[in-house]
Amino acid sequence: QVVFALNQTLLQQESLRAGSFQIPYTTEDLIKHYNCGDLSSIIFNYDTSQVPNFINATFPAHEHITAQEIDRYFRQELIYKRNQRMGRRVKDLLEEYPDKSFFFAFGAGHFMGNNTVIDVLRREGYEVEHTPAGQAI
């Protein structure tokens, strides 16, 4: 699986360099959606994930199954579990120091799709509000 994933990632990067494959969003798109608090609508799907695109390539049946397994693993380990850990860390700090104020800043990847850091905190009973760009905190 590691060799398969590495080969597919390298093929995708070679296609990007050759101009035969383009990322369907620009940096400006990412900034706009980040500022609006709406990253999942542009990024978190199988076509535009931060995880290398294994699913949409044309593979023989056995390679397609391998691609699906790798994709599920990456999403679980690199996205969902990471957000769980980050959410728990925030919760633990808030509970350990209830009289203190905190400012938490996260990279965009913590706000994409389902099971975001915000989702984790909301499930724990916290109210989380998006602060748009330019709004005073």
Side-chain angles (χ1 to χ4, degrees):
Q1 287 182 342
V2 172
V3 171
F4 177 86
L6 181 57
N7 282 335
Q8 293 308 310
T9 301
L10 291 173
L11 287 171
Q12 185 175 332
Q13 291 302 312
E14 288 171 357
S15 296
L16 280 168
R17 283 189 183 168
S20 59
F21 175 74
Q22 290 186 327
I23 296 174
Y25 53 85
T26 66
T27 302
E28 289 78 23
D29 292 332
L30 293 176
I31 292 169
K32 180 181 107 184
H33 286 276
Y34 182 82
N35 285 338
C36 293
D38 184 30
L39 280 172
S40 57
S41 68
I42 187 171
I43 299 172
F44 200 79
N45 64 52
Y46 283 102
D47 294 329
T48 59
S49 173
Q50 55 182 195
V51 176
N53 184 355
F54 299 131
I55 298 298
N56 290 326
T58 304
F59 297 125
H62 71 283
E63 287 186 356
H64 187 74
I65 292 168
T66 300
Q68 287 175 322
E69 290 171 355
I70 292 170
D71 188 77
R72 273 192 300 273
Y73 174 80
F74 279 155
R75 287 174 190 280
Q76 186 65 33
E77 296 299 320
L78 298 180
I79 298 170
Y80 300 139
K81 284 186 180 180
R82 177 184 67 168
N83 287 341
Q84 285 289 335
R85 284 191 304 271
M86 296 299 289
R88 278 195 306 270
R89 288 177 185 162
V90 168
K91 176 185 170 286
D92 291 347
L93 282 169
L94 293 173
E95 289 177 357
E96 186 174 348
Y97 303 101
D99 297 332
K100 296 212 179 249
S101 295
F102 291 91
F103 175 82
F104 298 100
F106 300 96
H110 293 283
F111 300 103
M112 297 189 308
N114 299 318
N115 300 310
T116 67
V117 171
I118 291 172
D119 294 332
V120 171
L121 291 170
R122 285 183 176 151
R123 282 193 298 268
E124 292 292 333
Y126 288 93
E127 183 178 323
V128 181
E129 293 181 28
H130 171 74
T131 304
Q135 180 178 329
I137 297 177

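What you are looking at is a predicted structure, and each value in this text was computed from that prediction instead of being measured.
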Open item on the list: Looking at E129, I'd like to know if its CD atom is crowded, meaning that more than 12 non-hydrogen atoms belonging to other residues, nucleotides or ligands lie closer than 6.0 Å.
Closed with: no
Task: Side chain proximity check, N115 to R123, heavy atoms < 4.5 angstrom - done: yes
Give every donor-acceptor pair under 3.5 Å between a side-chain atom in residues 90-108 and any protein atom, sequence neighbours left out.
from : atom 1 : to  : atom 2 : distance (Å)
K91  : NZ     : E95 : OE1    : 3.3
K91  : NZ     : E95 : OE2    : 3.3

Task: Contacts of type side chain to side chain contact (heavy atoms under 4.5 Å, CB included), residue R88, not counting sequence neighbours - done: Q84, R85
Open item on the list: Grouping I, L, V, M, F, W and Y whenever their side-chain heavy atoms are under 4.5 Å apart, do V117 and V120 come out in a common cluster?
Closed with: no
- [ ] Find the distance between CD1 (I79) and OG1 (T116) and round it off to the nearest 0.5 Å.
- [x] 11.5 Å
